[in-house]
Chemist: 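To start, I am sharing the structure in question, which I have written as structure tokens.
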Amino acid sequence: MNRALVIAEHSLGKLNASTAKCVSCVQGIGEVEIDIAVLAADAGALAAEAAALGGVRRVLTLERPENVEALAAVWAPQLAALAGGYTHLFGPSTTFGKDLMPRIAALLGVGQISDVMAVDSAYRFRRPVYASNAIITVEAPAGSIVVATVRTASFQPAAGGGQAPIEALAVTATLPTHTRFVSRSAANADRPDLQTAARVVSGGRALASAENFKLLYQLADALGAAVGASRAAVDAGYAANELQVGQTGKIIAPQLYMALGISGAIQHLTGIKDARTIVAVNKDSEAPIFEVADIGLVGDLFTIVPELERLIRARQ
Amino acid sequence: MSPILVGIKRVIDYSVRVRVKPDGSGVVTDGVKMSINPFDEIALEEALRIKERNLATEVIVISIGAHEAQQQLRTALAMGADRALLVQVDGPVEPLTAAQVFLKLVQKHQPQLVILGKQAIDDDNGQTGQMLAALWERPQATYASKLELDGARARVTREVDAGLETIEIDLPAVVTTDLRLNEPRYIKLPDIMKAKKKPLDVTTLAELGVATPTQGIRTLKFEAPPTRSRGVMVKDAAELLAALQQRGVL
Ligand SMILES: Cc1cc2nc3c(=O)[nH]c(=O)nc-3n(C[C@H](O)[C@H](O)[C@H](O)COP(=O)(O)OP(=O)(O)OC[C@H]3O[C@@H](n4cnc5c(N)ncnc54)[C@H](O)[C@@H]3O)c2cc1C
Ligand SMILES: Nc1ncnc2c1ncn2[C@@H]1O[C@H](COP(=O)(O)O)[C@@H](O)[C@H]1O
């Protein structure tokens with residue numbers, strides 16, 4: 001029997017959707033008992049949320065004041081101490097999981113599988129490399145623990161309806177004080193979350209200013225969509241860094257992705273390959289984005305975007 | 001004051017459209033342009049700026065990989081690094097092995113900072129910095145977009161999913177770079193000449209005392225990703241809306 005431990009990601013007192021996606025990825029192993037580890041200063045409500053996920057055997061809480069922020073250097077020794085007895089240790093391929101999981105793997109003396117996109121068996125997985133220009137099948141050595149991060153865009157969240165028991169644990173691990181949280185700032189906290197939104201309106205260098213990005217926000221509001229951006233738009237300061245979509249930004253899988261004034265560089269396309277419908281608006285009919293767009297429109301976004309917004313609002 | 005170590009991985013240039021070999025054994029590399037991993041260029045630029053502010057004694061660039069990685073190390077020397085070390089290994093190098101190599105070099109050179117890329121754009125693993133920090137039992141500041149040194153400490157702004165996060169770390173530490181940390185400098189012709197005279201040493205895993213892994217994660221095969229195909233073209237916003245409705249997206 002396989003025994004898997006999923007590390008819960010949370011912020012502002014809520015479980016991140018990535019946790020349910022990790023559970024569903026792990027379920028792909030087949031014969032497996034799944035526990036969820038919740039590290040927090042106060043784990044109560046989070047543990048209850050985790051316990052409600054379907055197919056979970058136990059929720060383990062590690063409550064200590066030091067766990068209030070997810071500092072990898074602080075969390076990793078505790079999770080490494082907890083890892084004994086598990087065959088699999090999974091976390092999400094978000095900045096949280098990508099920061100934490102390799103640190104645990106190294107403490108356990110094993111390699112890590114990044115960005116699992118499909119599970120072939122308990123020890124065989126598929127993952128993207130070269131900005132998703134190739135997919136590799138990898139095999140972890142049987143007999144040592146498999147540490148992995150899960151590409152959340154590849155999995156549906158696990159169903160609810162669970163009633164797993166919650167157990168409070170205390171592990172003995174000396175925690176370092178060499179790493180201290182100072183602050184966090186989120187520019188777009190009041191908007192739909194880019195990683196989970198069903199619709200995303202994304203802008204590129206063509207927007208030419210932060211001011212013009214407001215056009216996208218208005219269209220996004222009409223659609224109930226999140227806003228995204230290309231790296232060029234972020235680098236130029238038109239959009240906040242957390243809006244970057246692509247190989248080195250966020251990998252997303254919305255129902256609708258609208259690329260407005262984005263050329264469609266490989267590094268950008270990596271981030272949207274799993275979107276159900278891709279719309280491209282670009283004034284250059286040769287732009288590579290049209291090779292992957294389900295619906296393409298050649299034209300000037302500065303006339304098309306306001307017009308589209310008006311038509312959408314008129315329907316409502 | 002102490003040195004700064006920087007990782008320089010030789011990878012297929014980011015502008016190349018990578019193709020999988022028909023037999024699934026890897027990707028096509030024959031005649032393909034190779035470069036320094038873009039994040040490592042940023043790591044080197046950051047190290048050079050720190051040294052230029054007289055906050056480090058020297059910048060040592062390290063590559064683990066094929067003989068040919070000497071080209072990328074020469075480029076790094078031309079950018080301004082003081083000396084280079086190639087740990088020659090044939091075949092792929094897993095992040096855990098790379099981290100073990102960096103650990104040995106850290107023990108030898110006692111740097112205040114090791115600056116690596118947040119990910120290598122070939123394997124897209126994004127693990128080495130965190131693994132080194134774990135083995136070294138030191139802080140890690142991943143996805144750095146701003147690095148401020150303050151004596152025995154550093155303040156690092158990190159690009160995280162939620163926005164920007166600032167942490168404070170004690171030195172020595174490992175920092176991994178995000179794209180917006182800086183813009184790497186261009187190399188001038190005289191620097192290329194100067195770089196030819198700078199020291200570039202070659203060593204092996206055995207000489208460093210790092211075991212060649214026998215039991216790591218194995219790659220069984222490479223496949224081309226499923227491709228999306230070109231869809232329909234519409235001529236204006238109204239047609240676009242109609243097409244969206246037809247697909248049931250609105
Ligand atoms: C290591 C590395 C990692 C990277 N990671 C990412 C990543 O994660 N995400 C990412 O996006 N990029 C990434 N990039 C950058 C990527 O290679 C491209 O440079 C970037 O995506 C280009 O952004 P863009 O399409 O907005 O700009 P451009 O390529 O300049 O395209 C602008 C487009 O707008 C069109 N246009 C101009 N005016 C108008 C108008 N009025 N109306 C309509 N269309 C108009 C133009 O025809 C053009 O096609 C990375 C690069 C590297 C080297
Ligand atoms: N073989 C290598 N040679 C030099 N540096 C490396 C090597 N592998 C990884 N690194 C460093 O670690 C970073 C992250 O690599 P990875 O964990 O493979 O994505 C890279 O950007 C480099 O700075």
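Here is how names work: the chains are called A, B, and so on, in the same order as the sequence lines, proteins then strands, and each is numbered from 1.
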Chemist: Between the side chains of A:R180 and B:D170, is the shortest nitrogen-to-carboxylate-oxygen separation below 4.0 Å, so that they form an ion pair?
Modeler: yes

Chemist: Side chain, backbone, both or neither: which part of B:V234 has a heavy atom under 4.5 Å from chain A?
Modeler: both

Chemist: Which residue pairs pass the salt bridge (Lys or Arg N to Asp or Glu O under 4.0 Å) test with at least one member in residues 22-36 of chain B, sequence neighbours excluded?
Modeler: B:D13-B:K33

Chemist: Less than 4.5 Å to any heavy atom of chain A: does that hold for the side chain of B:L132, its backbone, both, or neither?
Modeler: neither

Chemist: Less than 4.5 Å to any heavy atom of chain B: does that hold for the side chain of A:L12, its backbone, both, or neither?
Modeler: neither

Chemist: Of the backbone (N, CA, C, O) and the side chain (C-beta and beyond), which part of B:I12 lies under 4.5 Å from a heavy atom of chain A, both, or neither?
Modeler: side chain

Chemist: Please flag which part of B:L96 lies under 4.5 Å from any non-hydrogen atom of chain A: side chain, backbone, both or neither.
Modeler: side chain

Chemist: Find out whether A:E291 and B:R228 are in side-chain contact, i.e. whether some heavy atom of one side chain is under 4.5 Å from a heavy atom of the other.
Modeler: no

Chemist: With a 4.5 angstrom heavy-atom cut-off, is it the side chain or the backbone of B:T219 that approaches chain A, or both, or neither?
Modeler: both

Chemist: Quick check on B:A173 against chain A: is it the side chain, the backbone, both or neither that has a heavy atom closer than 4.5 Å?
Modeler: neither

Chemist: Do you know the tightest heavy-atom contact between B:L220 and A:E139?
Modeler: CD1-CB, 4.0 Å

Chemist: Check A:I266 against B:V16 and note the closest heavy-atom contact, atom names and distance.
Modeler: CD1-O, 3.8 Å

Chemist: Is any side-chain heavy atom of A:L223 closer than 4.5 Å to a side-chain heavy atom of B:L250?
Modeler: yes

Chemist: Side-chain contact, heavy-atom cut-off 4.5 Å: A:T248 with B:F39?
Modeler: yes

Chemist: If I measure from the heavy atoms of chain B, does A:R199 come under 4.5 Å with its side chain, its backbone, both, or neither?
Modeler: side chain

Chemist: Search all heavy atoms of A:I295 against all heavy atoms of B:R247 and return the closest pair with its distance.
Modeler: CD1-CD, 3.8 Å

Chemist: Can you say whether B:Y143 sits under 4.5 Å from chain A via the side chain, the backbone, both, or neither, judging by heavy atoms?
Modeler: side chain

Chemist: Does B:E94 reach the main-chain N or O of A:Q112 with its side chain, forming a donor-acceptor pair under 3.5 Å?
Modeler: no

Chemist: Quick one: does B:D122's side chain get under 4.5 Å of A:V129's, heavy atoms only?
Modeler: no

Chemist: Is there a donor-acceptor contact under 3.5 Å linking the side chains of A:S114 and B:Q127?
Modeler: yes

Chemist: For chain A, which residues from residues 99-118 of chain B have at least one heavy atom closer than 4.5 Å to it?
Modeler: B:K118

Chemist: I want to check something: taking the side chain as every heavy atom from C-beta on, are A:D294 and B:V232 in contact at a cut-off of under 4.5 Å?
Modeler: no

Chemist: Under the salt bridge (charged side-chain N to carboxylate O under 4.0 Å, His left out) test, which residues partner B:E239, sequence neighbours left out?
Modeler: B:K235

Chemist: Can a salt bridge be assigned to the pair A:R127 and B:D124 using a cut-off of 4.0 Å between side-chain N and carboxylate O?
Modeler: no

Chemist: Measuring heavy-atom distances to chain A, does B:R155 have an atom under 4.5 Å in its side chain, in its backbone, in both, or in neither?
Modeler: side chain

Chemist: What are the two closest non-hydrogen atoms of B:R230 and A:F290, and how far apart are they?
Modeler: CG-O, 3.5 Å

Chemist: Starting from the C-alpha separation in whole Å, work towards a yes-or-no answer on side chain to side chain donor-acceptor pair (under 3.5 Å) for A:D99 and B:Q140.
Modeler: CA-CA 9 Å; A:D99 186 45; B:Q140 67 189 48; 2.7 Å; yes

Chemist: Any side-chain heavy atom of A:I136 sitting closer than 4.5 Å to one from B:E223?
Modeler: no

Chemist: Tell me which pairs pass salt bridge (Lys or Arg N to Asp or Glu O under 4.0 Å) where either residue lies in residues 133-148 of chain B, with sequence neighbours left out.
Modeler: none

Chemist: Identify which part of A:L311 has an atom lying under 4.5 Å from any heavy atom of chain B, answering side chain, backbone, both or neither.
Modeler: both

Chemist: Please tell me if the side chains of B:D161 and A:Q195 come closer than 4.5 Å, counting only heavy atoms from C-beta onward.
Modeler: yes

Chemist: Begin with the C-alpha distance, continue with both residues' side-chain angles, and end with the deciding distance and a verdict on side chain to side chain donor-acceptor pair (under 3.5 Å) for A:Q244 and B:R180.
Modeler: CA-CA 12 Å; A:Q244 183 176 315; B:R180 281 168 284 274; 2.8 Å; yes

Chemist: With a 4.5 Å heavy-atom cut-off, do B:R19 and A:N133 have their side chains touching?
Modeler: no

Chemist: Which pair of non-hydrogen atoms, one from B:Q130 and one from A:P102, has the smallest distance, and what is that distance?
Modeler: CB-CB, 3.7 Å

Chemist: Name the region of B:V20, side chain, backbone, both or neither, that has any atom closer than 4.5 Å to a heavy atom of chain A.
Modeler: side chain

Chemist: Using non-hydrogen atoms and a 4.5 Å limit, figure out which bit of B:V11 sits close to chain A: side chain, backbone, both or neither.
Modeler: neither

Chemist: With only heavy atoms counted, which part of B:Q246 is less than 4.5 Å from chain A, the side chain, the backbone, both or neither?
Modeler: neither

Chemist: Examine whether an atom of B:P95 lies under 4.5 Å from a heavy atom of chain A, and if so say whether it belongs to the side chain, the backbone or both; otherwise answer neither.
Modeler: neither

